[in-house]
Amino acid sequence: MWETIRTKIIEVISTATKIQVAYRTERSRFDGFPAAVVTPSDNEADYGDTAKDKLTFVFIVRIYQEISKSGQDQADIKLEKAVDELLTMFLNKKVLGTAAEWVEPVNSSWGYQDRETGQLRVAELKLRCRKYLP
């Protein structure tokens with residue numbers, strides 16, 4: 001289920017107008033900005049009764065924006081727009097179709113990252129994806 005859900009998340013992110021490129025794994029260099037990387041985080045199971053049995057898979061979506069000549073303010077604005085667009089997309093709980101019946105964007109955090117190519121502004125968004133079992 002990990003692969004199916006992650007593939008669908010990347011597919012949804014790839015339709016975003018504010019994200020230039022989305023990846024399955026971390027990269028040392030990105031082909032455009034803002035860039036998104038989708039990685040698995042954790043999972044849990046709840047087998048309370050057959051009507052509500054579910055598996056929950058949590059994915060982390062890291063969105064990277066370079067801080068270049070345009071400066072901190074512009075980097076923050078571009079990242080804010082990208083995060084806002086993704087949050088709006090994933091507020092539709094059924095956006096992943098049959099890959100996961102329910103998706104919920106939860107807490108996000110913001111920070112910085114230094115790389116060979118320069119400093120990046122990073123926003124991390126968690127997606128809780130629920131798959132109900134027959």
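If you read the sequence from its start, that first residue is 1, and numbering goes on from there. Worth saying up front: this structure is predicted, and the values here are computed from it rather than measured.
For Glu101 and Lys94, the salt-bridge test fails: no basic side-chain N is under 4.0 Å from an acidic carboxylate O. A salt bridge links Arg62 to Glu26: one of the charged nitrogens lies within less than 4.0 Å of a carboxylate oxygen.
Looking at Arg27 and Tyr64, their side chains never come closer than 4.5 Å, going by heavy atoms from C-beta outward. Considering only heavy atoms from C-beta on, Gln20 stays 4.5 Å or farther from Asp31 through its side chain. Side-chain contact between Glu66 and Thr117: absent, with no pair of heavy atoms (C-beta onward) separated by less than 4.5 Å. Looking only at side-chain heavy atoms (C-beta outward), Leu125 and Val83 stay at 4.5 Å or farther from each other. Arg121 is listed as a side-chain neighbour of Tyr112, based on a closest heavy-atom distance under 4.5 Å. Gln74 is not listed as a side-chain neighbour of Gln65, based on a closest heavy-atom distance of 4.5 Å or more.
Judged by distance alone, the side chains of Glu116 and Ser28 never bring a donor and an acceptor atom under 3.5 Å apart.
Side-chain atoms of Arg128 do not come within 3.5 Å of backbone N or O of Pro105 as any donor-acceptor pair. Distance alone, capped at 3.5 Å, is enough to place a donor-acceptor pair between the Thr15 side chain and the Val12 backbone. Looking at Lys131, its side chain does come within 3.5 Å of a backbone N or O of Thr98 through a donor-acceptor pair. At least one donor-acceptor pair under 3.5 Å links the side chain of Arg6 to the backbone N or O of Arg24. Side-chain atoms of Glu85 never come within 3.5 Å of backbone atoms of Ala16 as a donor-acceptor pair (strictly under, hydrogens ignored).
Hydrophobic clustering places Ile19 together with Phe59 (ILVMFWY residues linked when any side-chain heavy atoms are closer than 4.5 Å, directly or through intermediates).
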